[in-house]
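Single-structure report; data block below.
Every chain is numbered from 1, with letters handed out A, B, ... down the list of sequences.
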2 protein chains.
Amino acid sequence: MKTLRADAQRSRERIVQAAETAFRQHGVDASLEAIAKDAGVGSATLHRHFRSRRELVEAVFEGSTNAVAAEAARLAAEQPPGPALFHWLQAVLRYTLTNRGLATTLVPLPDENHEGSCGHDALGAAAEPLLAAAKAAGQVRADVTAADVLALVNAISLLADRDPGADAERLLGLAITGIAPSACTGH
Amino acid sequence: MKTLRADAQRSRERIVQAAETAFRQHGVDASLEAIAKDAGVGSATLHRHFRSRRELVEAVFEGSTNAVAAEAARLAAEQPPGPALFHWLQAVLRYTLTNRGLATTLVPLPDENHEGSCGHDALGAAAEPLLAAAKAAGQVRADVTAADVLALVNAISLLADRDPGADAERLLGLAITGIAPSACTGH
DNA sequence: CCGCAAGTGGGGGCACACCCCATTTTGAAG
DNA sequence: CTTCAAAATGGGGTGTGCCCCCACTTGCGG
């Protein structure tokens with residue numbers, strides 16, 4: 001990033017702001033052209049700043065995603081490892097639920113060259129220490145990874161995104177404590 | 001349903017057949033117009049038979065969904081309750097994974113007036129007895145419902161749909177046996 | 001103050017969903 | 001077999017949205 005020109009920077013901010021409003025009102029599938037018009041820029045400008053809808057969505061939610069990631073440290077300091085992890089996962093879930101469509105952009109793009117932009121990474125990094133602590137305390141199975149728990153939360157978010165009738169928090173609770181306590185999954 | 005006219009019936013079948021091919025090749029987001037053309041009908045005809053893309057998708061997958069539902073009975077007869085349930089859930093998961101995009105249509109439509117068409121119902125009905133048996137055998141927690149387990153499978157399907165890197169079967173295993181064996185979710 | 005690269009936006013191309021309505025097809029009654 | 005009204009059809013029109021081209025404007029280092 002080689003220092004955007006001043007006017008370009010302004011355009012970018014206006015677009016993100018307009019997008020934030022539009023996403024809140026019409027979901028993340030809001031018309032990009034409408035966003036451009038609201039922002040007072042041409043659609044070409046929007047497309048130059050954000051090559052894809054996804055990029056725009058990530059820019060809009062970057063701040064709040066980092067805030068949720070930061071929450072992890074706070075919880076780790078205030079609660080024992082097990083509950084800290086659980087409550088943080090709940091927080092992540094609630095966060096995605098309050099922004100319909102956000103869940104979709106938190107799952108890593110399959111072919112992404114991984115330039116670190118994806119908000120998924122921030123959450124992954126935040127989960128790591130929480131999970132490690134919970135494992136050390138023997139409250140979480142040793143063979144579970146941060147990617148696993150995040151994937152599960154994300155999966156539930158995606159479901160709740162489409163089916164408002166689903167009780168996402170309940171499902172998270174079930175996934176954590178397990179549906180079948182006795183391991184009947186073997187042979 | 002008041003007996004479609006013969007030609008209408010023929011059109012309908014040709015559309016479903018063309019759609020099946022198109023969905024396999026381009027996913028469930030394939031162009032409806034292209035499907036209509038392949039089927040040799042006008043786009044208006046397609047839209048009259050299937051008021052929405054979703055309706056068409058459901059028609060295409062109706063048969064195989066019922067087949068998976070039927071599989072439940074077979075497993076129940078051949079295996080003890082616990083493994084039967086687990087293996088059937090695995091089967092449902094694999095089924096959705098082999099048809100990218102299918103997972104989306106298996107989640108019930110929020111406002112649907114529930115005319116029974118939704119393939120979700122068939123799976124729900126199939127899950128019920130399996131789950132009841134597993135509960136009776138004490139291999140599954142008593143507070144879990146059929147809707148719960150299916151929701152979890154569906155959630156994982158949705159995730160895997162978007163992130164091919166996710167190991168869906170592994171996640172299902174985790175959700176069933178639980179991430180945190182000791183219930184650290186309390187207070 | 002100048003020049004030019006960075007930045008801009010209107011408008012065009014394209015693809016798709018969805019619908020209107022003149023026309024054809026069906027099938028049952030006479 | 002003829003007739004004909006209702007059922008079914010499909011070409012084409014409309015609207016919307018994404019994306020890009022390219023002539024034009026603007027910030028800013030010299």
Could you check whether any side-chain heavy atom of R14(B) comes within less than 4.5 Å of a side-chain heavy atom of S11(B), counting everything from C-beta outward?
no
Please report the distance, rounded to the nearest Å, between CG in L46(B) and C1' in dA8(D).
14 Å
Using the side chain to side chain donor-acceptor pair (under 3.5 Å) criterion, which residues pair with Q90(A)? Sequence neighbours excluded.
E169(A)
Please state whether the phosphate of dC20(D), meaning OP1 or OP2, lies under 4.0 angstrom from any side-chain nitrogen or oxygen of H47(A).
no
Any side-chain N or O of T45(B) less than 4.0 Å from the OP1 or OP2 oxygen of dA8(D)?
no
Please work out which residues in residues 28-42 of chain A have a non-hydrogen atom less than 4.0 Å from an atom of DNA chain D and list them by number.
S31(A), L32(A), E33(A)
Tell me the interatomic distance from R54(B), atom CZ, to dA17(C), atom P, rounded to whole angstroms.
17 Å
Show the atom names and distances, to 0.1 Å, of all donor-acceptor pairs under 3.5 Å that link a side chain in residues 20-44 of chain B to residues at least two apart or in another chain.
{"unit_1": "T21(B)", "atom_1": "OG1", "unit_2": "Q17(B)", "atom_2": "O", "d": "3.4"}
{"unit_1": "S31(B)", "atom_1": "OG", "unit_2": "E33(B)", "atom_2": "N", "d": "3.2"}
{"unit_1": "S31(B)", "atom_1": "OG", "unit_2": "A34(B)", "atom_2": "N", "d": "3.1"}

Whole-Å gap separating C1' (dT8(C)) and CD1 (I15(A)):
11 Å
Output the single nucleotide from dT8(C), dC19(C), dC19(D) whose closest atom is nearest the side chain of A44(B).
dC19(C)
Name all residues meeting the side chain to side chain donor-acceptor pair (under 3.5 Å) criterion together with R170(A); count only those two or more places apart in sequence or in a different chain, and write none if there are none.
D148(B)
In whole angstrom, give the distance that lies between atom CZ of R48(B) and atom C1' of dG10(D).
8 Å
From NE2 of H49(B) over to C1' of dC18(C), roughly how many Å is that when rounded to an integer?
16 Å
Looking at residues at least two apart in the chain, or sitting in another chain, which of them share a salt bridge (charged side-chain N to carboxylate O under 4.0 Å, His left out) with E71(B)?
R74(B)
Side chain of S43(A) only, please: which of dT8(C), dC19(D), dC19(C) is the nearest?
dC19(D)
Any sub-3.5 Å donor-acceptor pair from E55(A)'s side-chain atoms to F50(A)'s backbone N or O?
no
For D7(A), salt bridge (charged side-chain N to carboxylate O under 4.0 Å, His left out) partners two or more places apart:
R5(A)
Side-chain polar contacts of residues 150-157 of chain A - donor-acceptor pairs under 3.5 angstrom, sequence neighbours left out - could you list them?
{"unit_1": "S157(A)", "atom_1": "OG", "unit_2": "T96(A)", "atom_2": "OG1", "d": "2.7"}
{"unit_1": "S157(A)", "atom_1": "OG", "unit_2": "V153(A)", "atom_2": "O", "d": "3.0"}

Would you kindly give the CD-to-P distance between Q9(A) and dT8(C), to the nearest whole Å?
11 Å
Who pairs with T65(B) by side chain to side chain donor-acceptor pair (under 3.5 Å), at least two apart in sequence or on another chain?
Y95(B)
How would nucleotides 23-30 of chain C be written as a contact map, 5' to 3', with B for base contact, S for sugar-phosphate-only contact and - for no contact, using protein heavy atoms under 4.0 Å?
--BBS---
